[in-house]
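Notes for the one structure printed next.
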Amino acid sequence: MAHKSYDLIIIGAGPAGMTAAVYGARAGADVLMLEKGAPGGQMVNTYEVENYTGFGKISGTDLSTKMFNHTQKLGVNYAYGDVRTIEDKGKYKVVETDVEKFEGKAVIIATGTKNRRLGAKGEERLAGRGISWCAICDGAFFKDKEVVVVGGGNSALEEALYLAGLCSKVTIIHRRDKFRGEKKAEEKVRNHEKIDLALDAVIESFNEEENKLDSVTVRNVKTNELNQIPCRGAFIYIGQEPATSMFSHLIKVNKQGYIITNDKMETNIKGVYAAGDVCEKDLRQIITATNDGAVASQNAVKYIETLKNK
Ligand code: FAD
Ligand code: NAP
């Protein structure tokens, strides 16, 4: 059976993929955007965005909806699909999801990143039973309860502030005594009456009672002293890793697995582009993801034009 075919297939509907879709559709391309979760990507899990130009403050879900509606008004085809692989057939590419195959003249990979795991004892077992990677999705389960947040980057600081509005106490557990996140967020955290800090500390184990998280055991990395912190919820924000394992047989990635592109967002395969957090880059933000999406799409459309003359 012939597969459905499109000019441009975009994998991932985060800010990078959705912006690529807007630019592709406006340039007259027949665009298919495939997504395995909800449109919005990491924005869906973000309580408030304060640094996307023009919006001041906007919730991550509202910004996701606005971007998605924009793609739909322009006639972008949207489908569920967990993309498993891409095959390069020269003039066209085959994109295979868990349910079907599609053909595209060009492809943009905008699959972003996924949350890193700590690897501590009890983590896998208690995932979803107290341990979470998304405060905005699961925070309400811990209303007026004690929780911990692990990490020292912007995500940990900002989500700890969000949780402090819901929970009775939030303890940030960070492996160093200096935060990686922005100074403004750090100041708010340090001055918040409901937030405690456990610095130079790492989690040795997540402990359970009646199949649910009950406490964490932390070790001070300087003194080796062990301490138990009672908590019903633990939110892990220790960074991300690129969602590229399904493409790495074909697409060139760096040591950490991020896709290597040039300034046109071209990968090593002609007709395959990458955009957003999935790429090797310095600044992973919504605004830089949208920038990449626009550049990738403009170049993909130019590439599709060249195929007509062959
Ligand atoms: P993503 O947003 O990660 O989207 C990728 C999409 O691809 C996802 O929807 C995913 O489901 C989909 N996907 C992955 N694999 C597949 C597959 N195999 N098949 C189909 N679909 C797939 N940035 C800011 O500018 N301001 C902020 O306030 C801010 N807050 C943040 C808070 C948190 C907690 C986090 C984690 C990040 C935050 N960021 C913020 C960073 C920002 O969210 C990212 O830089 C941005 O979302 C990257 O966009 P993207 O489109 O490249 O990837
Ligand atoms: P991040 O900046 O990579 O920070 C990860 C944190 O987790 C670091 O403090 C790191 O410690 C710690 N960590 C990493 N591995 C660990 C381990 N195995 N055990 C214990 N701790 C560990 O990740 P992020 O905070 O999720 O941010 C990701 C990207 O999104 C960044 O570019 C960030 O700027 C962006 N973001 C932006 C905003 C915003 O603009 N408002 C909000 C959220 C995220 P060390 O510091 O010791 O390495």
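Both ligands and their constituent atoms are indexed starting at 1 by order of listing. Source: prediction; values computed, not measured.
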Looking just at side-chain N and O atoms, do Asn207 and Thr217 make a donor-acceptor pair shorter than 3.5 Å?
yes
If we set the cut-off at 4.0 Å for heavy atoms, which region of [X] has an atom near ligand 1: side chain, backbone, both, or neither?
X: Pro15; answer: both
X: Thr111; answer: both
X: Lys114; answer: neither
X: Pro39; answer: neither
X: Gln240; answer: side chain

When you measure from [atom] to each heavy atom in [options], which option holds the nearest one?
atom: atom 32 (O) of ligand 2; options: Arg284, Glu48, Gln285, Glu159; answer: Arg284
atom: atom 6 (C) of ligand 1; options: Glu159, Glu158, Glu35; answer: Glu35
atom: atom 33 (C) of ligand 1; options: Gly17, Ser155, Ser64; answer: Ser155
atom: atom 46 (O) of ligand 2; options: Lys178, Arg175, Arg176, Glu50; answer: Arg176
atom: atom 29 (C) of ligand 2; options: Lys281, Gln42, Gln240, Lys184; answer: Gln240

Give me the residue, atom name and distance of the protein heavy atom closest to [atom].
atom: atom 43 (O) of ligand 1; value: Gln42 CB, 3.3 Å
atom: atom 3 (O) of ligand 2; value: Gly239 CA, 4.0 Å
atom: atom 27 (C) of ligand 1; value: Asn51 OD1, 3.8 Å
atom: atom 52 (O) of ligand 1; value: Asp277 N, 2.8 Å
atom: atom 48 (O) of ligand 2; value: Arg180 NH2, 2.6 Å
atom: atom 51 (O) of ligand 1; value: Ala16 N, 3.0 Å
atom: atom 41 (C) of ligand 1; value: Arg284 O, 3.9 Å
atom: atom 25 (O) of ligand 2; value: Ser155 N, 3.0 Å

Quick one: which ligand 2 atoms are inside 4.0 Å of a heavy atom on Glu158?
39 (C), 41 (N), 42 (C)
Please say whether the positively charged group of Arg190, taken as NZ for Lys or CZ for Arg, lies over the ring of Phe179, i.e. under 6.0 angstrom from the six-membered ring centre and within 45 degrees of the axis.
no
Cation over ring, Arg116 on Trp133, under 6.0 Å and within 45°?
no
Does at least one non-hydrogen atom of His174 fall below 4.0 angstrom from an atom of ligand 2?
yes
Measuring from the heavy atoms of Leu118, does anything fall under 4.0 Å of ligand 2?
yes
Val278 to ligand 1, any heavy atom closer than 4.0 Å
no
Checking contacts now, so for atom 19 (N) of ligand 1, which I'm interested in, is there any protein heavy atom under 4.0 Å?
yes
Would you say ligand 2 has an N or O under 3.5 Å from any N or O of Gly152?
yes
Number the atoms of ligand 1 from 1 as they appear, then name those within less than 4.0 Å of a heavy atom of Gly276, with their elements.
52 (O)
